[in-house]
Protein chains: 2
Amino acid sequence: MSCHTSKDSLHAVGMKVTKAREVLLRVLEASDHPLTVDEIYDRLAQPRPGRPTIYRNLERFIQEGWAESFVDKNQIQRFLRCSTTEHHHHIHCEKCQRTTELDGCAMTKALSQLERQCGYKVTRHQLQIYGLCPGCQKALTLK
Amino acid sequence: MSCHTSKDSLHAVGMKVTKAREVLLRVLEASDHPLTVDEIYDRLAQPRPGRPTIYRNLERFIQEGWAESFVDKNQIQRFLRCSTTEHHHHIHCEKCQRTTELDGCAMTKALSQLERQCGYKVTRHQLQIYGLCPGCQKALTLK
DNA sequence: TCCAAAACAGAATCAAGTTCTATTTCTGTA
DNA sequence: TACAGAAATAGAACTTGATTCTGTTTTGGA
Ligand SMILES: [Mn+2]
Ligand SMILES: [Mn+2]
Ligand SMILES: [Zn+2]
Ligand SMILES: [Zn+2]
């Protein structure tokens with residue numbers, strides 16, 4: 001049988017199955033918005049991994065395409081679980097921080113046009129989209 | 001007459017004309033790539049403004065739309081002069097760091113389509129495009 | 001020239017993130 | 001199950017980009 005536990009995923013890429021890794025994946029999975037290392041730390045029951053362990057493993061997760069990180073407006077790194085390793089983007093609610101994963105990338109065509117226009121060869125891009133989620137829009141209307 | 005000096009610009013928005021502001025604008029203008037505060041600091045002749053002064057004024061410049069900043073891959077803030085206050089993006093050469101300002105924004109249409117699809121109301125977005133500038137592409141070919 | 005507000009200098013401080021080494025945990029092998 | 005080597009963690013110390021704070025200087029208008 002093949003129910004995908006974190007243990008399976010870790011094995012599949014040759015990473016040892018440690019308590020820290022399992023609990024980190026669980027915390028990321030449980031959040032509907034990107035977390036700072038401090039926020040992750042606060043959600044862990046004692047005894048909990050130290051910050052270096054958290055950083056180190058999140059980095060590994062990102063390498064495997066299991067998570068992404070970005071730097072928020074306060075210059076703090078935030079981490080989020082991704083459900084696919086395909087190139088994609090996210091939209092972040094500016095009020096409640098809820099984050100939604102978007103399907104695919106709408107920029108592919110525009111970028112190849114850009115290459116012709118500006119002479120650069122595009123190698124990669126990062127896009128952060130901010131907005132108000134349906135719930136927060138409704139809340140604003142009611143006020 | 002109306003040649004646009006930094007003095008004129010500062011007056012126009014009610015900012016006092018100080019040595020620090022003039023020299024900071026000059027350094028930003030002279031660079032073809034985004035600078036860290038340390039890089040700016042190193043380019044200033046003594047006596048030079050302290051780091052808090054540099055940060056404070058760059059922040060003002062950004063508020064006025066005269067500059068932009070982003071956080072680079074080492075989590076360090078980089079600043080660049082903008083030639084327009086209109087919404088636009090930049091492309092950064094991954095080899096030589098040269099940065100080119102792009103005309104307008106290719107995402108407007110895609111974003112309004114996204115709003116319908118995901119239910120969020122989009123409020124703003126940030127896009128960083130990385131690539132190889134024409135010069136660096138040529139250099140790679142020759143090798 | 002004089003004054004009040006704005007801006008600056010520079011030291012001290014903060015905190016996110018990293019480094020380092022000793023210890024523990026994991027997993028393949030016998 | 002016991003063992004050994006490799007991988008991973010703990011936790012303190014450190015680094016450094018950025019901010020705060022207070023006393024001094026500069027600016028621009030009256
Ligand atoms: Mn994702
Ligand atoms: Mn620009
Ligand atoms: Zn994309
Ligand atoms: Zn745009």
Side-chain angles (χ1 to χ4, degrees), chain A residues 5-28 34-64 66-80, chain B residues 5-28 34-64 66-80:
Chain A
T5 64
S6 61
K7 195 170 296 192
D8 292 332
S9 307
L10 290 166
H11 274 143
V13 298
M15 291 172 73
K16 287 189 175 177
V17 178
T18 67
K19 199 75 191 156
R21 286 172 179 163
E22 294 193 295
V23 74
L24 282 173
L25 282 171
R26 212 175 309 135
V27 167
L28 281 188
L35 299 172
T36 65
V37 164
D38 260 29
E39 288 169 346
I40 293 170
Y41 189 80
D42 290 343
R43 288 166 192 226
L44 297 176
Q46 283 165 326
R48 55 193 167 193
R51 274 161 240 266
T53 299
I54 299 177
Y55 279 108
R56 193 184 331 112
N57 283 307
L58 291 174
E59 205 45 60
R60 296 289 305 269
F61 296 167
I62 291 172
Q63 284 170 16
E64 297 299 337
W66 298 345
E68 278 185 44
S69 77
F70 66 97
V71 178
D72 75 11
K73 72 174 76 173
N74 301 116
Q75 262 104 277
I76 302 175
Q77 208 173 353
R78 288 186 174 271
F79 299 85
L80 68 161
Chain B
T5 64
S6 61
K7 196 171 295 191
D8 292 333
S9 307
L10 291 167
H11 274 142
V13 298
M15 291 173 73
K16 288 188 174 176
V17 177
T18 67
K19 198 73 190 159
R21 285 171 180 166
E22 295 194 296
V23 74
L24 281 174
L25 283 171
R26 213 175 309 136
V27 167
L28 282 188
L35 299 172
T36 65
V37 164
D38 261 31
E39 288 170 346
I40 292 170
Y41 190 80
D42 290 342
R43 288 167 192 226
L44 297 174
Q46 281 166 327
R48 55 193 165 191
R51 274 162 238 263
T53 299
I54 298 178
Y55 280 106
R56 193 185 329 114
N57 283 307
L58 291 174
E59 205 43 60
R60 296 289 306 270
F61 295 167
I62 290 172
Q63 283 170 16
E64 297 300 337
W66 299 346
E68 278 184 45
S69 76
F70 66 96
V71 177
D72 74 12
K73 71 174 76 172
N74 301 116
Q75 261 104 278
I76 301 174
Q77 209 173 356
R78 288 186 174 270
F79 299 86
L80 67 161

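Side chains included, hydrogens not; waters and symmetry mates left out as well; all remaining heavy atoms used. Order of the sequence lines fixes the chain letters, A, B, ..., with proteins taken first and strands second; residue numbering starts at 1 for each chain.
Spacing between atom NZ of B:Lys7 and atom C1' of D:dG28 amounts to 12 Å, rounded to whole angstrom units. Between the NZ atom of B:Lys73 and the C1' atom of D:dG17 there is a distance of 19 Å, rounded to whole Å. Whole-Å rounding puts the A:Arg21 CZ to D:dA10 P distance at 11 Å. Taking atom NE2 of B:His11 as the reference point, atom P of C:dA7 lies 12 Å away to the nearest angstrom. One interatomic measurement links the two molecules: CG of A:Asn74 to P of C:dC14, which rounds to 18 Å at whole-angstrom precision. Nucleotide D:dA18 holds its C1' atom 15 Å from the CZ atom of B:Arg78, rounded to whole Å. The CD1 atom of B:Ile76 sits 9 Å away from the C1' atom of D:dT16 (whole-angstrom rounding). Rounded to whole Å, the distance from CG on B:Leu24 to P on C:dA7 is 14 Å.
Note on A:Arg51: every side-chain N or O is 4.0 Å or more away from OP1 and OP2 of C:dG17. At least one side-chain nitrogen or oxygen of B:Asn57 sits closer than 4.0 Å to the OP1 or OP2 atom of C:dC8.
With sequence neighbours excluded, the residues satisfying salt bridge (charged side-chain N to carboxylate O under 4.0 Å, His left out) with B:Arg51 are B:Asp38.
Checking D:dG17, D:dA10, C:dA16 against every side-chain atom of A:Tyr55, the shortest atom distance belongs to C:dA16.
Two residues are said to be in side-chain contact when any heavy atoms from C-beta on lie closer than 4.5 Å; A:Leu35 and A:Arg43 meet this criterion.
Expressed to the nearest 0.5 Å, how far CD of A:Glu68 lies from CG of A:Leu28 amounts to 12.0 Å. To the nearest 0.5 Å, atom CH2 of residue A:Trp66 and atom CG of residue A:Leu80 are 15.5 Å apart.
Below 30°, between 30° and 60°, or above 60°: for B:Phe79 and B:Tyr55 the angle between ring planes is above 60°, a perpendicular geometry.
The backbone N or O of B:Asp72 lies less than 3.5 Å from no partner atom in the side chain of B:Arg78, so there is not a single donor-acceptor pair. The main-chain N or O of B:Thr5 is found under 3.5 Å from a side-chain atom of B:Asp8 such that the two form a donor-acceptor pair.
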I'd like a list of close polar pairs between nucleotides 20-27 of chain D and the protein, N/O only, cut-off under 3.5 Å.
from	atom 1	to	atom 2	distance (Å)
D:dT27	O2	B:Lys16	NZ	3.0

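Each of B:Arg60 and A:Gln75 was assigned the nucleotide of DNA chain C with the nearest heavy atom; the assignment lying further toward the 5' end belongs to B:Arg60. Comparing A:Met15 and B:Asp38 along DNA chain D, the residue whose closest nucleotide (by nearest heavy atom) sits nearer the 5' end is A:Met15.
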